[in-house]
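Working notes, beginning with the structure itself.
Below, chains carry the letters A, B, ... as their sequence lines are ordered, and counting in each starts from 1.
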Amino acid sequence: MSIGGAEVLPSGGGGLEFLDMGGDIAAQSPLQLFWRRFRQDRVALASGGFIIFLIVLAIAAPLVVKGLGLPSPYTENPNLTDSFGSPLGPTAAHPFGVDQLGEDVMSRVIYGTRVSLEVGILGTGIAAVIGVVLGLIAGFYRGWVDTLLSRFTDVVLSIPILVLGLGIGAACAVRGCLKGSIQPGLGEILFIIALANWTYMYRIVRGLVLSLREREFVDASRALGASDARIMFREILPNLVAPIIVYSSLLIPSNILLEAALSFLGVGVRPPTASWGQMIASATPIFNTAWWYMAFPGIALLLTVLAFNLLGDGLQDALNPRTTR
Amino acid sequence: MSPLVEVRDLVKHFPITKGIVFQRRVGAVQAVDGVSFDIEPGETLGIVGETGCGKSTTARLIMRLLEPTSGRVSFEGEDITHLKGSRLKAVRREMQMIFQDPYSSLNPRKTIGSIIGEPFAIHGLEKGEGERKRAVQELMETVGLNPEHYNRYPHEFSGGQRQRIGVARALALKPKLLIADEPVSALDVSIQAQVLNLLRDLQREFGLTVVFIAHDLSVVRHMCDRVAVMYLGKIVEIGPGDALYGFPRHPYTGALLSAVPVADPSHHGQARRLLSGDVPSPANPPSACRFHTRCPKAQELCSTREPLLEEMDSGTRAACHFPLTREEVGEIGVRSAG
Ligand SMILES: Nc1ncnc2c1ncn2[C@@H]1O[C@H](COP(=O)(O)OP(=O)(O)OP(=O)(O)O)[C@@H](O)[C@H]1O
Ligand SMILES: [Mg+2]
């Protein structure tokens with residue numbers, strides 16, 4: 001066979017007929033392909049459903065509490081503790097029991113959803129944005145920019161995060177730090193979480209960008225006159241969406257746990273604001289007499305973290321069909 | 001008429017480094033090493049050579065996708081080697097490239113419509129959704145794609161169709177120069193001719209100047225007015241197609257031509273003469289004439305003094321101390337033009 005001879009170059013516009021190999025198969029966007037696979041993963045679907053339930057619960061916490069006929073989470077009621085100050089266990093009026101101050105545990109667990117999700121989603125979001133932007137810049141420009149950012153990441157990664165958390169907690173306890181931009185409470189926790197986690201996102205994104213930037217579509221875009229920013233954010237970033245989603249969904253639960261740990265250690269969210277970690281901490285000394293005070297926030301924490309982890313696994317499988325389990 | 005593009009003494013060395021933290025430079029891949037040629041307006045120039053000889057690097061240097069180690073590229077008389085910012089962006093409108101790999105040259109996360117429409121978006125042309133869509137669909141029709149596939153993704157297309165998408169994107173800005181870097185080497189043989197025909201038709205229709213890169217002289221033959229043959233980062237022979245195919249003077253050109261598959265089966269065996277040995281590493285190329293390690297006519301002079309491109313009486317320019325003679329060309333079984 002020859003491709004050099006004139007015989008395979010038929011005269012005239014032989015190349016101009018429509019080559020409709022695609023037939024009538026409906027066009028499928030990457031999103032549709034993803035949804036088709038994800039839909040079949042029951043565990044991930046159930047986890048996703050539970051997380052949506054949690055989000056609704058967090059947003060509508062006051063309504064839910066009122067609807068269930070529970071007192072507000074901040075209502076202290078000394079009548080609900082016995083003469084020794086020990087709280088009462090679950091009753092019809094207080095299904096999860098009350099704490100030492102006579103506050104309703106169920107009501108506080110419901111409100112605690114707010115803190116956990118806020119920290120989990122917002123903290124992860126901030127960390128992801130920082131990690132993605134810096135990772136894009138390092139992987140795209142390479143050279144000294146990359147060296148500088150990567151060494152900086154190594155430094156941040158070697159900070160013991162709980163110790164730092166305790167330190168910041170102590171230092172910012174009264175009036176906040178950095179001219180008040182880090183306030184005690186939620187702001188402080190978000191800061192610690194973002195600081196602790198952007199590095200992981202950075203490393204993943206940087207590695208992927210290093211290989212993506214060698215693809216010819218990047219050259220094609222540059223040849224058309226695209227700016228560096230356009231290439232990074234319009235050409236390369238869309239190819240990173242799947243790993244960013246998967247990795248974020250796995251970071252959320254670990255951040256929820258970190259918040260719980262920090263609150264347990266007395267940094268960050270403090271009473272009367274309800275947080276699961278802080279409830280578990282105050283339940284510790286009276287666990288023998290009031291098991292419910294630790295059990296219910298603990299179960300809530302466990303289920304939430306589990307749901308996010310399972311959802312993350314499901315997303316990973318659906319977005320990256322090559323991984324087999 | 002003055003040339004559209006002038007390439008002068010173009011050099012690109014890729015450093016080879018060792019070490020992870022402290023990188024040391026231990027050598028260089030001499031991908032392109034002193035290449036000069038002109039591209040005349042309206043012509044089709046073929047660049048041919050084995051894999052790794054620096055064809056794509058030359059194309060990327062002209063396109064300003066790579067910074068040259070030294071040398072100069074001029075476009076319409078203007079030195080573009082060091083242009084930056086908006087001046088560079090303006091020159092980019094005038095020259096476009098079709099890439100070698102139809103799979104990695106289209107962004108898998110973008111629809112065909114936004115891929116072909118990207119040049120308009122970058123240069124602020126065809127503003128407005130409807131207007132841009134119309135322009136893109138017109139281009140799709142021009143290159144033989146179904147305009148209704150506007151919202152599809154690259155993975156839904158075959159290799160040949162993807163290359164058409166690349167052609168449409170390259171033509172969107174109505175460039176003067178189009179560089180096609182092995183546009184068909186990744187495609188099925190049956191589809192190659194269709195894409196080649198498309199390119200030829202478009203060249204006529206748009207009056208394009210084309211640089212056509214291939215690793216095989218046969219593909220170039222029916223496309224090009226002039227042909228340059230590259231070997232290890234240097235041009236060894238350049239000239240009008242008729243002269244080069246009819247009477248190759250550089251032994252490397254001769255060897256490439258005799259390796260052209262022969263259509264007539266009775267010619268097999270006798271007419272084939274493949275190159276012996278491997279291509280030497282461009283990181284450590286042979287001295288003087290780089291072809292002397294594989295050249296049947298090599299003598300001592302070839303390893304001590306570098307031959308320069310010289311005008312041959314047969315019409316090409318070849319860089320060889322001992323160019324092929326008519327008898328030798330007959331012996332190695334080069335099929336003469338026709
Ligand atoms: N970015 C790079 N870094 C280091 N070396 C490179 C780079 N790009 C190309 N090279 C080297 O330069 C030489 C020429 O490469 P080039 O891609 O120009 O060859 P080519 O003629 O286009 O080959 P092919 O037919 O395989 O496309 C090769 O040895 C290649 O390994
Ligand atoms: Mg190449």
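Partners of Arg142(A) under the salt bridge (Lys or Arg N to Asp or Glu O under 4.0 Å) rule, at least two apart in sequence or in another chain, are Glu214(A).
Note: Lys110(B) NZ to Asn239(A) CG = 10.0 Å, rounded to the nearest 0.5 Å.
Considering only heavy-atom pairs separated by less than 4.5 Å from chain A, the leading option among Met63(B), Arg60(B), Arg64(B), His123(B) is Arg60(B). With chain B as the partner, the residue from Ser227(A), Ala226(A), Gly225(A) showing the most heavy-atom pairs under 4.5 Å is Gly225(A).
Across all non-hydrogen atoms, the minimal contact from Ala223(A) to Leu65(B) is N-CD2, 3.8 Å. Taking every heavy atom of both residues into account, Arg230(A) and Ala121(B) meet most closely at NH2-CB, 3.7 Å.
With a 4.5 Å cut-off on non-hydrogen atoms, Ser221(A) touches chain B through its backbone and its side chain both. With a 4.5 Å cut-off on non-hydrogen atoms, Arg215(A) touches chain B through its backbone and its side chain both.
Residues Glu235(A) and Glu118(B) have side chains in contact (heavy-atom distance under 4.5 Å, counting atoms from C-beta outward).
Side-chain N or O atoms of Asn107(B) include none that pairs as donor or acceptor with a backbone N or O of Phe217(A) at under 3.5 Å.
Under a cut-off of 6.0 angstrom, the local environment of CZ in Arg24(B) is sparse, with at most 12 non-hydrogen atoms contributed by other residues, nucleotides or ligands.
A ring-ring contact (aromatic ring centres under 6.0 Å, His included) check over residues 132-153 of chain A, counting only residues at least two apart or in different chains, returns the pairs Phe152(A)-Trp198(A).
Among residues 87-105 of chain B, the residues having any heavy atom closer than 4.5 Å to a heavy atom of chain A are, in sequence order, Lys89(B), Arg92(B), Met95(B), Gln96(B), Phe99(B), Gln100(B), Asp101(B), Ser104(B), Ser105(B). Within residues 169-183 of chain B, the residues having any heavy atom closer than 4.5 Å to a heavy atom of chain A are Arg169(B), Leu173(B), listed by residue number.
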